[in-house]
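Just so you know, ligand 1 is whichever comes first in the structure, and atom 1 is the first atom listed for that ligand. Residues: numbered from 1 along the sequence shown.
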Amino acid sequence: MPDLNAAKPAPEIDRLRQIIRRHDYLYYVLDKPEILDSEYDKLFRQLESLEKAHPELITSDSPTQRVGGKPLDKFGQVAHALPMLSLSNAFERGEILEFDSRIRRGLGTAEQIDYVVEPKYDGIAVQLVYENGMLASGSTRGDGYVGEDITANVRTIKAIPLKLIPNGMLGSADVLDVRGEIFMNRADFDELNRSRDELGLPAFANPRNATAGSVRQLDPKVTAQRPLKFIAHGVGRVEGQLPSRHWEILSNMAEAGLPASLQNSKLCAGISEVLDHYDYLKNIRPDLPYEIDGAVIKVDSLELQDLLGIKTRSPRWALAYKFQPLQTTTVIQRIDVNVGRTGALTPVAIMAPVSVGGVTVTRATLHNQDEVDRKNVREGDTVLIQRAGDVIPEIVEVIPDLRPENSLPYRIPDHCPVCGAEAVRLEGQAAKRCVNVSCPARLKETVRHFASRGAMDIEGLGTKLIEQLVDRGLVKNPADLYYLDKPTLMSLERMAEKSAANILTALNNSRKTSVDRFLYSLGIPLVGEHIARLLMEEYGDIEALAVKSPEEMRQIPGIGPEVSQSVSAFCHELKNREMLERLTNAGVIPIPLKIPQRDNAPLLNKLFVFTGTINIPRDEAKRMVEAAGGKVTGSVSKKTDFVVAGADPGSKLDKAQQFGVKVINEHQFRQLLE
Ligand code: IVH
């Protein structure tokens, strides 16, 4: 069967190219694909195989020819036909109003001016030259007159047409210089950095740096892998007809298949609409997929642009109204420590006041010691800080070259700056904490916990009341609660005789709580109700606990190194011991738990290992063994007394048989406990 395409390959190749170009435009410029990737790939492969069969028909504007050629040794130079100017910057509303009056003065008119306001893309400025609709060259801005020849690289950017659609004045110009910005979406930037990280390559600092690095690659194959975008925001030389307004230039470029800067741009009648659109851009800024650093305001009429002319290197008819930068540098004067309501010591950098995004900042949290170490932040350092939205500023990085000589690494102090008690960092915890539960910084939280339902259960002693008691200095630690009298309570806001009496009764009733609840009430970090019970079941009361070393406590099943360290730090702090004594003096004498008579315990010191599935939850089974004086371990050894095997036992059963350990089932286990 004859191949129809073979008979007329040229028209078919042409047809495929046009279809592919249209889908490139829909996908890369409009972001509105109409076909599936797989369908696109099929078209692309058809074109590739036809071109392979007819290499004489390959042209440089074919979609298959985006990546070609060898890596360069260095970039060539390109002289721009018309200089690529820069823009004057403004940061304040007043400067915008001044810009408008200057223009009207210059033109000698009282009429309002039409302006185009566009997002100011934070990317790399480039110029594309189209000759007879074909992309002939691409160059960087360089010094404005001469730039680098990056033609091979811009050809790989899919949003840049290799061939214009011959629509409108600009699409059919003999020569057209397109000015625009190459940039990268934030999400693509993150993804790029993630994959670089996997390859052990250094991360790019921001999308703009990543774009610059990608555009200036000597090997276009590398550029082709980078997720670059392009937006066209103006023209240079035009040989052909030129529209009379900038807004028409933008729409003409769009008609010619260029990604013109129309999205989020506005044609504004007069300067107040300009200011409104600036506000609009500022608001949508965080939600845009790419970074913009301001708005560009341009006089719409090209005739007026010509009349206004150029001042040295920037046009009088345009202005960049920049957003306040969200990143800046400043110096850390000192590092203070803030003590939170849980006693956590947080280092805070106190910085020379600086404006970030229009807000003056002086403080930034350093979170904890690990964070300080990771960023290697020291007093006296110059740091880059940033503010995202309304959140408090954070330190991005230290600028090492500006570090003063003799600076020392920063360490969070070993004592609480508020009360002077010891500050301890428990294993596995990020924060160093003040161990004095009555530290003024954490007192309200301590009292609230002390009085709460699962703790001393002092009814009526709510948050509002605690605030008043602490703020007025009536309660300096939980023990002070028991020294309050009726007149004092009645002197507080919203406290009548009846409620004062109720609180005194509740306080009185709480004196006789059980010792494990009491221990829990003290608010020792990591000591919850369960841990408190384990400790009191072992030692009976707080006096007995207080003399135990962390190593001794760790012998209790269920007590790990963190808990024992925390309890021991609490008991060693003089301020805590004073509080306990004051509680005793106030008649808070909790009822001790009976220490189990271990001699009578049926399974005293017997070692158990469980394997397979039984009908008792593991922690429950563990408690049953422990209540009977035994212990549960995870692996079988010669010392194991019993292996309790359920359904589908694991290798522990084999081990038991190997060591000759007695194996029992669930039923026998229950019998043993009885
Ligand atoms: S128009 C006469 N429009 O900002 C200069 N520039 O600081 C005409 N830029 O080099 C520039 N977005 O690369 C224009 N919508 C936009 C822009 C934009 C970003 C860049 C441009 C220029 C720089 C000036």
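With a heavy-atom cut-off of 4.0 Å, Leu85 touches ligand 1 through backbone and side chain alike.
Comment: Glu39 does not engage Lys42 in a salt bridge, judged by the lack of any side-chain N to carboxylate O separation of less than 4.0 angstrom. Ion pairing between a basic and an acidic side chain is recognised when a charged N comes within 4.0 Å of a carboxylate O; Lys74 and Glu148 show no such pairing.
For Arg104 (side chain) and Ile113 (main-chain N/O), no donor-acceptor pair under 3.5 Å exists by modelled atom type. No donor-acceptor distance shorter than 3.5 angstrom exists from the side chain of Asp300 to the backbone of Val116, with no hydrogens or angles considered. Asn338 places no side-chain N or O within donor-acceptor distance of the main-chain N or O of Thr346, the cut-off being under 3.5 Å.
At least one heavy atom of Pro119 sits less than 4.0 Å from an atom of ligand 1. At a 4.0 Å cut-off, at least one heavy atom of Lys298 sits close enough to ligand 1 to count as contact. Contact annotation: Ala320 has no heavy atom less than 4.0 Å from any atom of ligand 1.
Nearest residue to atom 9 (N) of ligand 1 from Arg313, Gln127, Glu181 is Glu181 (criterion: closest heavy atom).
Classified by interplanar angle (parallel below 30°, tilted 30° to 60°, perpendicular above 60°), the ring pair Tyr121/Tyr290 is tilted.
Close contacts between ligand 1 and Glu118 involve ligand atoms 3 (N), 15 (N), 16 (C) [criterion: under 4.0 Å to a heavy atom]. Residue Ala125 approaches ligand 1 through these ligand atoms, each under 4.0 Å from one of its heavy atoms: 10 (O), 13 (O). Ligand 1 places these atoms under 4.0 Å from at least one heavy atom of Pro315: 2 (C).
No donor-acceptor contact under 3.5 angstrom links the side chains of Tyr27 and Asp37, judged on distance only.
For atom 18 (C) of ligand 1, the nearest protein heavy atom (residue, atom name, distance) is His233 NE2, 3.3 Å. Nearest protein heavy-atom contact of atom 8 (C) of ligand 1 is Leu87 CD2, 4.1 Å. The closest protein non-hydrogen atom to atom 12 (N) of ligand 1 is Tyr121 N, 3.0 Å.
Considering backbone and side-chain N/O atoms, Lys120 comes within less than 3.5 Å of an N/O atom of ligand 1.
Within a 4.0 Å radius of atom 22 (C) of ligand 1, the protein contributes no heavy atom.
Phe323 is listed as a side-chain neighbour of Leu281, based on a closest heavy-atom distance under 4.5 Å.
We find the NE2-CG distance between His246 and Leu304 to be 14.0 Å, quoted to the nearest 0.5 Å.
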